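The structure under discussion appears below in the form of structure tokens.
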Amino acid sequence: MKKVKLALLGAILAVTSLTLAFKEDLFQVSKNLDVFASLYKEININYVEETNPADLMKHGIDAMLGSLDPYTEYVPESEIEDYKMKYISTQYGGIGAGTLTIDGKLFVDEVSDGHPSQKNDIRPGDQIVKINGIAIEGKERSQISQLLRGPKGTPVDLILLRDGNTISKTIVREEIKQPNVSYSGMLNDQIGYIRLDKFLENSGQEVKEALEQINKQKPKGLVLDLRNNGGGILQEAVKIVNLFVDRNVLVVTQKGRNPEKSITYKTTVNAIAPTLPLVVLINGASASASEIVAGAIQDLERGVVVGQRSYGKGLVQQTFNLPYNSLVKVTVAKYYTPSGRCIQALDYAHKKQDGTAEKFADSTLKAYTTKAGRTVYDGNGVFPDVEVAPTKYSPITISLLTKNLFFDYANSFKKANKTLASAKDFQITDADYSQFIASLNNKVYSYTSRSERLLNELNKEAEKENKAATVKADLEALKAKMTLAKKNDLTTHKAEIKRALETQIISRYFHEKGRIEQSFQYDKELAKAKLLFNDQGQMLAILKGEGTYKTIGSPTLKISETDH
């Protein structure tokens, strides 16, 4: 009886403490709102120059939220539609064309298969001069987007330039649906493949439908590609895990300061592929809901995670409506994978004086165990079970991409070659590559190589240490050799430049689907997944934490805790 009384007393004290703390929070909120309202009023009435009340408020709100994390943000009424497109819905009214700006001019970069732009013979390379009679030169991207988008069924008038000729087009907008699943199907060797680009509305259903079609072909394994997937809706991630894990299994837990925001999510139905061998691909741009899926699959030993360490976003946001059709998106909780780890990489609670957040130190990371007892760690993202070195572009390739120097050649290639037989095996010839190099004559694609940067740093250090005169001759000789070597970069980095060029060309014929299929032949992570499916014993050993894996083109390596 005494123990019961003590427990009851403890509960009463806890509730009392929470109540007092809540009242103190309310008082502080009310007090500071009064201060802010009074300050805002006096500034707008008395400041020496004319003020814009809306701008002042927006700056004040942005500064306040900027002290928290980058995911807590205010969305005014004017930005609501863009917000919905980015975080909630995949549909809008438009013409289905991608654009880019080169030297201040707007060009069609690609057209979507089956959408109004393709139906009306809009082509990559067309320059858009006017939209609905409005000259677009000097317009910002957001303004151009607003001109092209509109209600389904409404017309948009375009004035285009193509090969020196002016063309007028009137296109009726249609509902443009950007699917969450950009590609699915069977690869060689009876392996299913699903690429999920985002976790917006209906993503769970899209993956389910793709998986059901793949299951009909009796695959020996499935690749779920979450690379470059920045996440989205948490509940959709839970639904996707449930496709591979049976009912009543913990997938993720979110915990917030407000007890109402602490929620446990479990699977609710039987899986449709509970035993299908599974590989999940991730990279440094896989974040949020992608990490929930990858982390859960890893913790539950349901599949092997392949690629590079993920981004490390372990925070959950919720939107709240505000007056005058605005809203605020607030970080309300952290989420935890089934093993209990939070993979948040940046510590926003302890920012540096300049306002930047640092990663949690390795010394603070804690070890957790998966369902079968393997060791995994919190903080700094999801570490893959099998790591594959990322593909990195050289400075010259980056320069060619950022300066859009593949664009004109891809358009001219399409004019010279009306059709291509297939996307999957497409590669340009050496003659094509030579033509591309010739097209760069008189084009500016200056860049600083990594070795040049290092040499410049060495020169600065020598000057700091008063040794510049001593090493001047050697540095000048090195600089001359680097300049000579740089002239050969188009040859030295031919393979990667060629791949980037092929991507641009293939999209002119087969759109996004073709780009994805054509990229498979160079995909190191996908190649690794195929090796795993062909060696089920090795795959099971990895899941048990007792095996080895083979990196592509290298001897067998042992995964150890130090690798993580």
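As the structure is a computational prediction, the values presented were derived from the model and not from experiment.
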Any side-chain donor near an acceptor of the partner, N411 and R508, under 3.5 Å: yes

Carboxylate-amine/guanidinium contact K177 E206, below 4.0 Å: yes

Any donor-acceptor pair under 3.5 Å from S286 side chain to L226 backbone: yes

Charged N-O contact under 4.0 Å between R341 and D299: yes

Heavy-atom donor-acceptor pair, K334 side chain to T253 backbone, under 3.5 Å: no

Basic-acidic side-chain contact under 4.0 Å: E212, K216: no

Atom CZ of F244: over 12 foreign heavy atoms under 6.0 Å: yes

Salt bridge present between R374 and D385 (N-O < 4.0 angstrom): yes

Ring-ring centroid check Y335 Y265, cutoff 6.0 Å: no

Side chain to side chain donor-acceptor pair (under 3.5 Å) against K415, all qualifying residues, sequence neighbours excluded: D163

Q254 and Y336, any side-chain heavy atoms less than 4.5 Å apart: no

Whether over 12 other heavy atoms sit under 6.0 Å from N258 CG: yes

E525/R227 ion pair, N-O < 4.0 Å: yes

Side-chain donor or acceptor of T101 paired with backbone N/O of L106 under 3.5 Å: no

NZ (K329) with more than 12 external heavy atoms under 6.0 Å: yes

Any donor-acceptor N or O pair under 3.5 Å, side chains Q518, E502: yes

Intermediate values then yes/no, side-chain contact (heavy atoms from CB on, under 4.5 Å), V279 and L222: CA-CA 6 Å; V279 168; L222 176 78; over 6 Å; no

D225 side chain near L196 side chain, heavy-atom distance below 4.5 Å: no

Salt-bridge criterion met for E174 and K119 (N-O under 4.0 Å): yes

Where V241 and V293 come nearest, the two heavy atoms and their spacing: CG2-CA, 3.9 Å

Any donor-acceptor N/O pair, Q318 side chain to V330 backbone, under 3.5 Å: no

Side chains of R162 and D121 in contact at under 4.5 Å (non-hydrogen atoms): yes

Backbone N/O of Y433 and side chain of Y409: donor-acceptor pair under 3.5 Å: no

Donor-acceptor pair between S182 and R195 side chains, under 3.5 angstrom: no

Flag for T331-T72: side-chain donor and acceptor within less than 3.5 Å: yes

Check: P274 main-chain N/O paired with R302 side-chain donor or acceptor under 3.5 Å: yes

Donor-acceptor contact below 3.5 Å, side chain S117 vs main chain V111: no

N228 (side chain) donor-acceptor with D197 (main chain) under 3.5 angstrom: no

Side-chain donor/acceptor of Q118 to backbone N/O of G114, under 3.5 Å: yes

Flag, side chain of K524 to backbone of A389, donor-acceptor distance under 3.5 Å: yes

Aromatic ring pairing F406/F436, orientation class (parallel under 30°, perpendicular over 60°, tilted between): parallel

Residues D535, K530: salt bridge by 4.0 Å N-O rule: no

Y71 six-ring centre to K313 NZ/CZ under 6.0 Å and within 45° of normal: yes

Contact check, side chains of L160 and I122, non-hydrogen atoms, under 4.5 Å: yes

NZ (K169) with more than 12 external heavy atoms under 6.0 Å: yes

Y74 to L65 - nearest heavy-atom pair and separation: N-CD1, 3.4 Å

Non-hydrogen side-chain atoms of Y509 and F413 separated by less than 4.5 Å: yes

Criterion side-chain contact (heavy atoms from CB on, under 4.5 Å) on V382 and R309, from CA distance to verdict: CA-CA 6 Å; V382 174; R309 186 177 67 188; over 6 Å; no

Lys/Arg cation over aromatic Y377: K366, 6.0 Å, 45° cone: no

